[in-house]
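In the text below, chain A, chain B and the rest are named by the order of the sequence lines, each starting its count at 1.
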Amino acid sequence: MDWKDTLNLPQTEFPMKANLVEREPKFLEFWEKEKIYEKMLEKRKDAPLYILHDGPPYANGNIHLGTALNKILKDIIVKSKMMAGYKVPFVPGWDCHGLPIELKTEQELGVKRGELPPLTIREACRKYAERYINIQREEFKRLGVFAFWDKPYLTMDYRYEATIAREFLRFLESGQVYRRKKPVFWCPTCVTALAEAEVEYGPHKSYSIFVKFPFTEELKDFISKEYQVTLDKPAYVLIWTTTPWTLPANLALALNPDFDYLLVKWEDEYYLVAEGRVSGLCAELNKDLPKIVAKIDPKNLEGKKTLHPFYNRESLIILADFVSLETGTGIVHIAPGHGEEDYQVGLKYGLEVYVPVDQEGRFYKEVDLIGGLSIYQANEKILEILKQKGHLLSSDKIEHSYPFCWRCKKPVIFRAEDQWFISMELKGLREKALQAVEKVKFIPYWGKNRLYSMLENRPDWCVSRQRVWGVPITVFKCEKCEEILRDFKYYEKVIEIFEKEGCDPWFVKPAEELLPEGTVCPNCGHTQFSKEKDILDVWFDSGVSFAAVLEKIEELSFPADLYLEGSDQHRGWFHSSLLCSVGTRGVPPYKALLTHGFVVDGQGRKMSKSLGNVIHPQDIITKHGAEILRLWVSAEDYRDDIKISKEILSRLVEAYRKVRNTCRFLIGNLYDFDPKKDLVPFEKLPPFEKYILYRLSRLIEKVKKGYEGFEFHLVYHEIYRFCVIELSSLIIDINRDYLYCEPRESFKRRATQTVFYYALDSIVKLIAPIFSFTAEDIWQNLPYPKEEISVFLTEFPDYRFDLSQDEVKRWETILSLREEFLKALEIARKDHKVISTFLEAEVYVEAPEDIKELLKDNSFWEYFLMVAKFKMIEALDPVSEPQTFVSEETPGLKILVKPTEYKKCERCWQRKPEVGRLPNPELCERCYQVVGG
RNA sequence: GGGCCUAUAGCUCAGCUCAGGUUAGAGCGCACGCCUGAUAAGCGUGAGGUCGGAGGUUCGAAUCCUCCUAGGCCCA
């Protein structure tokens, strides 16, 4: 007969193949239909709040692996915190305003800047953002992310726009905002100022010219007298520049006060250069070493003047620390209107912020010689003029790193414009921000250092943009005396309008309709006011999200427990949020900051179209399922860069199958188990089962700790390892005989099932934040009554199964002895070929005194090693028995494996002495009893 | 060019930042073998690392210091 029918084989509908790609949407549907996330929150309505505040992705384009990684990490936190007993309302957001969308929209409409009225563009931008919000929302949902998808926050919501304006006014009113001409990155193509974040660097070909600034008579005299030299030939200060077009704006020449300068004679002319550059210059200019005429202390020259190389005016000699010896002549041409450092040092010397170039990069008509030319045309013309005047020493071209506009990819320039700034100093914003950093917890710890040094060094925040898709800088100015209205009372009406209609009206209504009736200038009594035209930097929009979201939405609270973004956000959102919050509330908007790295390919290189190594989330979802993406996010240590490759994915797929299959085996063997009545109390369990449960409680401990410390890769590895070792390779393999062959109700079988029950119950909950789809799949297939309709409505297990230290040690020794026996058995099978399966083996062992005690229970070891016979004997002789295995790990341990003579029980396949001697010759005693003779 | 970070077996990670100390661990993959009552499964054994490189401190360094190389983020 076929004894198979008498066994308790596993039974389950839970499929081995997950078919994730097809089945994931069904779980998404289930979660949505059953409102699982809402129920989670409802269930924890009185639990302590945990606020993870979503950093808004830009509402443009599809999601990529970086955004997917970010949202999955957040989801793992939302779910794990919730299952650890917190209430975690997660409101997703989108950043909607800004140049990229405005440019895209113009492109789609086929128009250029300014060709359409602001409201038309704004309307189109709004539609564009909406479109991508919907796309991205679906993509995020597909990842299995739980959130308030139906009520996200959008920076273009009317109420949000009103908040942005209000928060700006707080800065204005508190005296932290000023307007000043200042060089900023300026894109002449897009005709706008750019934020630092909107500029990218790349190689660029520029001129490389050496220009002569003639000494004034006064300077000649001074040097002649002071240094006892006769300047019988023309004398010049020599400078090097890559931007000839900035020469018309030159107002000064800067020397480093710490360098020595030389007056040298080359051919028939005198030049002033830094001593440290002379030999370098000779090489570059292909000249012989010059004759040194005098060594000059730059401090003596401060305040002296040269002539401009082609205009009839002078250029002031000044001192500046930033002048270096790396390139050029050690003397820097200063144009305060066209460079940040130039501007800074210009302020110190009281230089004018002179800008002869208009918004589109053309010289103003009234500029001599080059009026009306673009800066590129001017480059050529200036070279010509310099040559003509004999003031061009050398001209060449070089390739170097240069800033480009992140949208149009064209080179940008530095150009001073009237801009609005939030001051880092006026009200001590920098100091307050630095102090606030001290109060924040950083994960990893070095984030603190990074944010700190950025705040320490950053310039004032230029918040104005000359565009329309954004929130206006709500400032009224008296048309007569130019007084700015700073008091909030002048703006209450506008804010109210914004709340109801958004900020469109600002662009079309006259000032008097936006101001409270009867407003008069507090300074001069005038009644006519003008509106500011610029809009706010988008970083300000997202920077005030704490005010628009955390403070406004009832379920949330300020400050947040956690902000979680990529490491670039130290200069982005982490930074702007901190400034906005500290500047208006005096405290940081977050208690902790968590940073992750960037997604790179298998070789650690960044993903780029040009390298052709880009992987899209969609590729992985349609091939493996979103679950694999979630595993990837959890398995990798996000503090470093996060690698992804085909090999990494295939390892994840295999790990996934292992976990799934292990759970499937547990499910299949619990089909007749009712925890209510069949559960064996821990104290009554046999030692091995107890040990496994002890290991399970250690796992639970580690996993919870892993979640708490945001170390998800440890969670992943620990759970995976537990499935492989403790479950699959140990108790499942060893106790399989009990499950299949012992009577259903037997103690041995119920004891094993008890372990399975605890293991399955724990694992399904512990993996849920990561393996969300699969945990739900398992939950829906549990063979016993479920406590909740979804695994997400449960909490992490808190079983504690303790063993004494001695008992744990004992088991560790038993397991290492087991490894020795397995080695011996494997050698007997593979090398000596005396057995083919361990079930056929007889094991004889000679043991050292200290472990004899552990090896004396023959039937335990027969069960534990799954062998036919186990026997400890006094002495084994490797000489007479050359097949004896001598342990290296455990000195004195010798093992001899022999094939058994016992016959195989046809039911349980174990070899037993009594097989053949019972009424049923095919069976062993146990099986004979079980099948009832 | 500057700031911060990373570099341990083919892959993913432990160990290492603020305590330096036995032959550097795990799982997967790979090779070989077993099983065929988890079966597009399962079990076993084995081979893989001069801890990115070079110096230094120390009786002793994957762990501390310096420099270099490669890569990432941010800035110029």
Legend entry - B:rA47 to B:rA7 separation - C1' atoms, rounded to the nearest Å: 25 Å

Inset, instruction - Keeping the roles fixed (side chain from A:R23, backbone from A:V21), state whether a donor-acceptor pair exists under 3.5 Å. - result: no

Inset, instruction - For B:rG27, decide between syn and anti, treating a glycosidic angle within 90° of 0 as syn. - result: anti

Legend entry - Residue A:A635, side-chain heavy atoms: nucleotide from B:rA14, B:rG10, B:rU12 that is nearest: B:rU12

Legend entry - A:W909-B:rG37 aromatic stacking (under 5.5 Å, under 30°): yes

Legend entry - Nearest-angstrom distance, P atom, B:rA61 to B:rG21: 11 Å

Quiz: residues 447-456 of chain A side-chain donor-acceptor pairs under 3.5 angstrom, not counting sequence neighbours:
residue: A:K448; atom: NZ; partner: A:E438; partner atom: OE1; Å: 3.1
residue: A:S453; atom: OG; partner: A:N449; partner atom: O; Å: 3.2
residue: A:S453; atom: OG; partner: A:R450; partner atom: O; Å: 3.2

Legend entry - Value rounded to 0.5 Å, distance of CH2 in A:W573 from CD in A:E565: 5.5 Å

Inset, instruction - Return the nearest nucleotide to the side chain of A:L7; candidates are B:rA14, B:rG37, B:rU17. - result: B:rG37

Inset, instruction - Please determine if A:E862 and A:K869 form a salt bridge, counting it only when a charged side-chain N lies under 4.0 Å from a carboxylate O. - result: no

Inset, instruction - Mark up nucleotides 40-48 of chain B, 5' to 3', with B wherever a protein heavy atom is under 4.0 angstrom from a base atom, S wherever such an atom reaches only the sugar-phosphate, and - elsewhere. - result: SSSSBBS--

Inset, instruction - Give a yes or no on whether the backbone of A:I770 and the side-chain of A:R630 come within a donor-acceptor separation of less than 3.5 Å. - result: yes

Legend entry - Side-chain N or O of A:H713 closer than 4.0 Å to phosphate OP1/OP2 of B:rA14: yes

Legend entry - Nucleotide paired to B:rC28 in any strand shown, Watson-Crick or G-U, under 3.5 Å: B:rG10

Inset, instruction - Scan every strand shown for a Watson-Crick or G-U wobble partner of B:rC73, both distances under 3.5 Å, and answer none if you come up empty. - result: B:rG3

Inset, instruction - Sort out the partner of B:rG42 for me: Watson-Crick or G-U wobble, both distances under 3.5 Å, none otherwise. - result: B:rC34

Legend entry - Whole-Å distance separating the CG atom of A:N669 from the P atom of B:rG37: 15 Å

Legend entry - Protein-nucleotide distance (A:L652, atom CG; B:rC13, atom C1'), rounded to Å: 12 Å

Inset, instruction - Answer with base, sugar-phosphate or nothing: what part of the nucleic acid does A:R660 contact at a heavy-atom distance below 4.0 Å? - result: nothing

Legend entry - A:Y740 side chain near B:rA38 phosphate (N/O to OP1/OP2, under 4.0 Å): yes

Legend entry - Spacing of the P atoms in B:rC74 and B:rU57 (rounded, Å): 40 Å

Inset, instruction - Answer with yes or no whether A:R450 presents, from its side chain, a donor or acceptor under 3.5 Å of a partner atom in the base of B:rC73. - result: yes

Legend entry - Point-to-point distance, once rounded to the nearest 0.5 Å, from OH of A:Y740 to OG1 of A:T6: 13.5 Å

Legend entry - Integer-rounded Å distance: B:rG29 P and A:H717 NE2: 14 Å

Inset, instruction - Mind calculating the distance between CD (A:E341) and P (B:rG2) to the nearest angstrom? - result: 15 Å

Inset, instruction - Identify whether the distance between the nearest side-chain nitrogen and carboxylate oxygen of A:K4 and A:D2 falls below 4.0 Å. - result: no

Legend entry - Of the listed nucleotides B:rG72, B:rC73, B:rA38, the one nearest the side chain of A:D641: B:rG72

Legend entry - Candidates B:rG72, B:rG10, B:rC75 - which lies nearest the side chain of A:R651: B:rG10

Inset, instruction - Could you tell me which nucleotide pairs with B:rC64 by Watson-Crick or G-U wobble geometry, both distances under 3.5 Å, or answer none if nothing does? - result: B:rG56

Inset, instruction - Determine the interatomic distance between P on B:rC18 and the same-named atom on B:rC59; round to the nearest Å. - result: 22 Å

Inset, instruction - When you get a sec, tell me which of B:rG71, B:rC4, B:rG3 is the closest nucleotide to the side chain of A:S453? - result: B:rG3

Inset, instruction - Rounded off to whole Å, could you give me the CG-to-P distance for the A:L825 and B:rG33 pair? - result: 18 Å

Inset, instruction - Can you tell me the pairing partner of B:rC51 across any strand shown, Watson-Crick or G-U wobble, with both distances under 3.5 angstrom? - result: none

Inset, instruction - Would you mind telling me which of B:rU17, B:rC11, B:rG72 lies closest to the side-chain atoms of A:F598? - result: B:rG72

Inset, instruction - Could you tell me whether the side chain of A:Y445 has a donor or acceptor atom within less than 3.5 Å of a complementary atom in the base of B:rU17? - result: yes

Legend entry - Residue A:V600, side-chain atoms from C-beta onward, closest of B:rG72, B:rA38, B:rU6: B:rG72

Inset, instruction - Could you tell me the separation between the CD1 atom of A:I642 and the P atom of B:rC11, rounded to a whole number of Å? - result: 17 Å

Inset, instruction - Spell out, as yes or no, whether a donor-acceptor pair under 3.5 Å connects the side chain of A:D601 to the backbone of A:G604. - result: yes

Inset, instruction - Sticking with atom P, work out how far B:rA24 lies from B:rC67, rounded to a whole angstrom. - result: 29 Å

Legend entry - Same-atom distance (C1') from B:rC34 to B:rG15, integer angstrom: 35 Å

Inset, instruction - Could you tell me whether A:E819 and A:K823 have a side-chain N and a carboxylate O separated by less than 4.0 Å? - result: no

Inset, instruction - Check every strand shown and say whether A:Y720 touches a base, only sugar-phosphate, or nothing at a heavy-atom separation below 4.0 Å. - result: sugar-phosphate

Legend entry - Length of the CG-C1' vector between A:D831 and B:rG33, whole Å: 10 Å

Inset, instruction - Could you tell me whether A:E906 contacts a base, only the sugar-phosphate backbone, or nothing, with contacts defined as non-hydrogen atoms closer than 4.0 Å? - result: base

Legend entry - B:rU58 to B:rG2 separation - C1' atoms, rounded to the nearest Å: 34 Å

Legend entry - Length of the line joining A:M607:CE and B:rG71:P, which is rounded to integer Å: 17 Å

Inset, instruction - Return yes if some donor-acceptor pair links the side-chain N/O of A:R749 with the main-chain N/O of A:R744 below 3.5 Å, else return no. - result: yes

Inset, instruction - Could you work out which one of B:rC13, B:rC11, B:rG37 sits closest to the side chain of A:E636? - result: B:rC13

Inset, instruction - Please determine, for the side chain of A:D637, which listed nucleotide (B:rC74, B:rU17, B:rC13) has the closest atom? - result: B:rC13

Inset, instruction - Count the heavy atoms of every other residue, nucleotide or ligand shown that sit under 6.0 Å from CD of A:E701, and state whether that count exceeds 12. - result: yes

Inset, instruction - Can you tell me, in whole Å, how much space there is between the C1' of B:rG29 and that of B:rA9? - result: 12 Å

Legend entry - Nearest-nucleotide pick for A:C741, side chain only, options being B:rG27, B:rG37, B:rC4: B:rG37

Inset, instruction - Could you tell me whether A:G604 contacts a base, only the sugar-phosphate backbone, or nothing, with contacts defined as non-hydrogen atoms closer than 4.0 Å? - result: sugar-phosphate

Legend entry - RNA chain B: 5'-proximal contact among A:Q569 and A:K643 (nearest heavy atom): A:K643

